[in-house]
Amino acid sequence: MTQNSDIEFKPLVSPVPQLLERNKEWSTRMSSVDPELFVRNGKGQSPEYLWIGCSDSRISEAVIDMLPGSVFVHRNVANQIPAGDLSSISVVHFAVEVLKVKHIIICGHYDCGGIIATLGNKSLGILDHWLKHLRDIRVKHHEEIDALQDQKARIGKLVELNIIAQVHNVCRMAPVASGLAAGTLTVSGMVYDCSSGLLHPVEIPKDDNKLHYILEQTSDLGSAH
């Protein structure tokens, strides 16, 4: 048997000092671009955009090259806004009703790990629960996806179908539907190509089921019966 008692383990060194130094350099650089940036941000935020994206380290709102304070952000595995997820729902409601954002962007990306896992059949533990929403999309469109011979093409197709589904989910939310009807809000889908660094628009088809999700606001619960 191999004895491990003589092996020396070197603990990881904290990255905090290096990160603080990088932060100072970043702060100086941002101030040179916009001298009033941090003065303005210190008084509050009024972003025009809500960015809903994937947690993948290769893609963030940084790809649209805007200054801090311009974009309110929510990210999770595979950029999902499923019904019942209080975190994402709260972000959307806060962004629309409190911050009064003008634009919502749902951004996915090719080569998404959540999408790849959804096209497989291996259990990933607790992640299976989160990916179920993606599996529902896969099952709904299985004929279109399975007809593609190339795995990369199947991944890309499900990435795009997921973006469409999430745009529909967001548009079914009451405050978003109201903003769209009033012309004070837009919702768009985009996909990012990690191999080129470029964003591409995703065409969003009409949601024929949207009206089934728009409810009349009433304080009289008895009228629901």
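What you see is a predicted model; the values in this text were computed from it and never measured.
Interatomic distance, NE2 of His74 versus CD of Glu61, reported as 12.5 Å (0.5 Å rounding). Distance check, rounded to the nearest 0.5 Å: CG of Leu185 to OG of Ser178 gives 10.0 Å. From Glu203, atom CD reaches atom OG of Ser188 across 12.5 Å, with rounding to the nearest 0.5 Å. Rounding to the nearest 0.5 Å gives a distance of 12.5 Å between OG of Ser195 and NE2 of His109. To the nearest 0.5 Å, the span separating CD1 on Ile145 from CG on Leu119 amounts to 6.0 Å. Taken to the nearest 0.5 Å, the CG atom of Asn79 stands 11.0 Å off from the OG atom of Ser88.
The environment of CG in Asp150 is crowded: more than 12 heavy-atom neighbours from other residues, nucleotides or ligands sit within 6.0 Å.
A 4.5 Å side-chain heavy-atom check between Asn162 and Gln166 finds at least one atom pair inside the cut-off. Counting heavy atoms from C-beta on, the side chains of Ile116 and Cys112 never come closer than 4.5 Å. You'll find the side chain of Met190 stays beyond 4.5 Å of the side chain of His200, heavy atoms only. Under the 4.5 Å side-chain criterion, counting only non-hydrogen atoms from C-beta, Leu37 is in contact with Asn41. Contact of the Asp85 side chain with the Pro82 side chain is registered, since non-hydrogen atoms from C-beta on lie closer than 4.5 Å. Within the 4.5 Å cutoff, the side chain of Met173 has heavy atoms near those of the Ile81 side chain. Looking at Leu199 and Val191, their side chains never come closer than 4.5 Å, going by heavy atoms from C-beta outward. Counting heavy atoms from C-beta outward, Asn209 and Arg172 have side chains that approach closer than 4.5 Å.
Linking Ile, Leu, Val, Met, Phe, Trp and Tyr residues whenever their side-chain heavy atoms come within less than 4.5 Å places Trp26 and Val33 in a single cluster. Residues Val73 and Ile105 share a hydrophobic cluster, clusters being chains of Ile/Leu/Val/Met/Phe/Trp/Tyr side chains in contact below 4.5 Å. Cluster membership for Val71 and Val96, using ILVMFWY side-chain heavy atoms within less than 4.5 angstrom, is not shared. When the side chains of ILVMFWY residues are joined at heavy-atom separations under 4.5 Å, either directly or via intervening members, Ile137 and Trp130 end up in a single hydrophobic cluster.
Ser55 and Asn76 share no donor-acceptor pair across their side chains, judged by distance under 3.5 Å alone.
Of all heavy-atom pairs between Lys122 and Arg135, the closest is O-NH2, 4.3 Å. Between Ile106 and Ile163, the shortest heavy-atom contact is O-CG2, 3.9 Å.
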side-chain contact (heavy atoms from CB on, under 4.5 Å) between Cys54 and Val77, intermediate numbers included: CA-CA 5 Å; Cys54 183; Val77 174; 5.6 Å; no

Chi angles and distances behind the side-chain contact (heavy atoms from CB on, under 4.5 Å) call for Tyr49, Ile104: CA-CA 6 Å; Tyr49 294 86; Ile104 299 177; over 6 Å; no

Evaluation steps, side-chain contact (heavy atoms from CB on, under 4.5 Å), between Leu131 and Leu134: CA-CA 5 Å; Leu131 295 181; Leu134 288 178; 3.7 Å; yes

Stepwise salt bridge (Lys or Arg N to Asp or Glu O under 4.0 Å) test for Arg58 and Asp56: CA-CA 5 Å; Arg58 298 169 292 177; Asp56 193 294; 2.9 Å; yes

side-chain contact (heavy atoms from CB on, under 4.5 Å) evaluation trace for Asp34 with Arg40: CA-CA 10 Å; Asp34 182 350; Arg40 188 167 62 249; 2.7 Å; yes

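In this structure, Lys152 does not pair ionically with Asp111, as no charged nitrogen and carboxylate oxygen lie closer than 4.0 Å. Salt-bridge annotation for Asp136 and Lys132: present, with a side-chain N of the basic residue lying under 4.0 Å from a carboxylate O of the acidic one.
For the pair Arg75 (side chain) and Ile52 (backbone), a donor-acceptor distance under 3.5 Å is absent. Judged purely by atom type and a 3.5 angstrom limit, Ser31 uses its side chain to pair as donor or acceptor with the backbone of Ser27. Under a 3.5 Å cut-off, the side chain of His93 and the backbone N or O of Val98 do not form any donor-acceptor pair. Remark: the backbone N or O of Arg29 is paired with a side-chain donor or acceptor of Ser32 at under 3.5 angstrom. The closest donor-acceptor contact from the side chain of Gln45 to the backbone of Gly69 lies at 3.5 Å or more, if one exists at all. Not a single donor-acceptor pair under 3.5 Å links the side chain of Asp128 to the backbone N or O of Ser123.
For an aromatic pair to be called close, the ring centres must be under 6.0 Å apart, and Trp51 with Tyr192 fails this.
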